[in-house]
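So the structure is just underneath, and the comments pick up after that.
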Amino acid sequence: MQRNQWWRREALERRLPNLRRRAEVRAALAGFFQDEGFVEVETPALQVSPGLEPHLSAFETVLLPPGRGPDPAVRRYLHTSPEFAMKKLLAGGMQKIWQLCPVFRNAEGARIHQPEFKMLEWYRAHEPYTRLMDDCIALLRACAGGKPYRFRGKVSDPAADWRIVSVDTAFADHCGIDLPATRGASRVMPEPGALAAEAARIGVRTAEGDSWDDIFFRIFAERIEPKLGAPSPTILTDYPVHMAALSRPKPDDPSLAERFEVYVCGLELANAFGELTDAEEQRRRFEADMDLKQALYGERYPIDEDFLAAVAEMPPASGIALGFDRLVMLACGADDIEEVLWAPVE
């Protein structure tokens, strides 16, 4: 089969309107951060640890010593997010920082995924995670250019009132599931039995060996996510704390995390946290996640000890990651991520 020759004149000409729109969105977000007094930073893609989410697969490489000298080669990874390096900058005294950079996630590739894609991240020291909700509203309005976002037949107007809804409310409204009853007050992953029974009741399949999280995400993907973010964007809040390894617990309910996600036209766009600054708790969560990764995939990634040292010195802070290519897709009304890229991964 012939590969898609994205570089041919006719193929490039078809994408040019989207690529011009891409530049406009990039300029709008840069203007937003300048007006808000942020500093744009740059951090390396090569890291000691790529990011420790259990289900993400990283690209691994080898760093040779200068001049191929006698020192041993060391293992490095392409980052799955610039988060670790940016938090080190917060520990060093930076207050409001942003970055738009390529990130790398292996074993991914579909109409809304690429193994290499652009991530927008920004952080606010000494400000609550709810402040990032205001950022998202203002940023998406600025990038829209007065037009609604569109994706696969759905329309979302960022100028309209946004909906803010909790995870528990979303499960109750769209599935009739009392989610707290299936998880109790645990800060670790609950047993799956109660949620599996609810999934069976509403016709969502489960399999032997499914964890509570597996069932949660299947219900969410099939019955809830497609309904979020139209006719205006949705902010989904109050995730169970065990589902947010880098987030603080909510002070008024430690079973929930200071975390929210942004959905537009049924598409997940951004993920925000009130950042965890307890280094020992962070280590415990990382180790638990790597134990799960080992059990599921037979591999684990190293913990960046320098990052944990930085966490211990970080100020209270909030941070968010937003998929830039997906934002451009929404601004263009494109159905496939390759429609908004200058060049896809081959």
Side-chain angles (χ1 to χ4, degrees), residues 29 32-33 36 38 41 51-53 56 79-87 89-90 94-101 103 117-143 149 156 158 162-170 217 220 224-225 228-229 232-278 282 285 311 314-327 330:
L29 67 87
F32 168 81
F33 288 114
E36 287 288 323
F38 278 74
V41 301
L52 299 180
E53 295 91 338
L56 290 185
H79 63 186
T80 58
S81 158
E83 179 172 6
F84 290 175
M86 292 182 77
K87 285 183 174 178
L89 293 175
L90 293 177
M94 300 301 293
Q95 297 292 306
K96 296 194 295 185
I97 55 176
W98 75 282
Q99 179 171 195
L100 178 64
C101 65
V103 298
F117 62 97
K118 287 293 194 300
M119 180 83 83
L120 169 66
E121 290 204 15
W122 71 96
Y123 292 83
R124 288 180 176 269
H126 302 289
E127 295 198 61
Y129 78 113
T130 51
R131 179 68 179 84
L132 300 175
M133 296 181 186
D134 299 330
D135 285 345
C136 288
I137 294 170
L139 180 64
L140 263 65
R141 287 174 175 171
C143 291
Y149 292 112
S156 184
W162 289 37
R163 188 175 183 213
I164 301 176
V165 60
S166 72
V167 169
D168 290 348
T169 299
F217 285 119
F220 185 79
I224 299 173
E225 186 175 40
L228 301 179
S232 62
T234 298
I235 294 175
L236 191 66
T237 68
D238 295 348
Y239 281 77
V241 73
H242 80 270
M243 302 179 80
L246 293 157
S247 172
R248 291 190 299 259
K250 293 190 72 175
D252 58 343
D253 186 349
S255 72
L256 300 176
E258 289 191 343
R259 176 188 177 189
F260 71 84
E261 290 189 319
V262 176
Y263 287 84
V264 181
C265 296
L267 187 66
E268 178 197 347
L269 185 62
N271 190 15
F273 298 96
E275 303 295 350
L276 185 65
T277 55
D278 181 333
Q282 186 67 85
R285 294 188 191 183
V311 167
M314 265 181 63
S318 299
I320 183 167
L322 183 150
F324 177 72
D325 302 306
R326 290 188 180 184
L327 178 59
L330 290 162

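Heads up: numbering here begins at 1 and tracks the sequence. Side-chain atoms are counted along with the backbone in the values below, which use heavy atoms only and exclude waters and symmetry mates.
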Assess whether side-chain contact (heavy atoms from CB on, under 4.5 Å) is satisfied between Thr234 and Val165, documenting all intermediate values. CA-CA 7 Å; Thr234 298; Val165 60; 3.7 Å; yes

Minimum-distance pair of heavy atoms, taken over all atoms of Met119 and Thr80: CE-O, 4.1 Å

What is the minimum heavy-atom distance between Ala244 and Phe273, and which atoms define it? CB-CE2, 3.7 Å

The test is side-chain contact (heavy atoms from CB on, under 4.5 Å); show your working for Tyr149 and Cys143 and say whether it passes. CA-CA 10 Å; Tyr149 292 112; Cys143 291; 3.6 Å; yes

Any side-chain to backbone donor/acceptor pair from [X] onto [Y]? Under 3.5 Å, distance only.
X	Y	result
Ser247	Glu258	yes
Glu275	Gly319	yes
Ser156	Gly229	yes

Side chain proximity check, [X] to [Y], heavy atoms < 4.5 angstrom:
X	Y	answer
Ile320	Phe260	yes
Met94	Met86	no
Glu121	Cys101	no
His79	Phe84	no
Leu120	Leu100	yes
Met243	Val167	no
Pro82	Val103	yes
Val311	Leu276	no

From [X] [atom1] over to [Y] [atom2], what is the distance, rounded to the nearest 0.5 angstrom?
X	Y	atom1	atom2	value
Leu132	Asn271	CG	CG	11.0 Å
Asp135	Leu140	CG	CG	11.0 Å
Arg248	Tyr129	CZ	OH	9.0 Å
Trp122	Arg124	CH2	CZ	9.5 Å
Thr237	Lys250	OG1	NZ	6.0 Å
Arg285	Leu52	CZ	CG	13.0 Å

side-chain contact (heavy atoms from CB on, under 4.5 Å) evaluation trace for Leu89 with Tyr123: CA-CA 10 Å; Leu89 293 175; Tyr123 292 83; over 6 Å; no

For Phe220 and Tyr239, what are the C-alpha separation, side-chain angles and deciding distance, and is it a ring-ring contact (aromatic ring centres under 6.0 Å, His included)? CA-CA 12 Å; Phe220 185 79; Tyr239 281 77; 7.4 Å; no

side-chain contact (heavy atoms from CB on, under 4.5 Å) assessment of Glu53 paired with Ser81: CA-CA 11 Å; Glu53 295 91 338; Ser81 158; 5.6 Å; no

From the list Phe33, Phe32, Phe38, ring-ring contact (aromatic ring centres under 6.0 Å, His included) partner of Trp98 resolves to Phe33

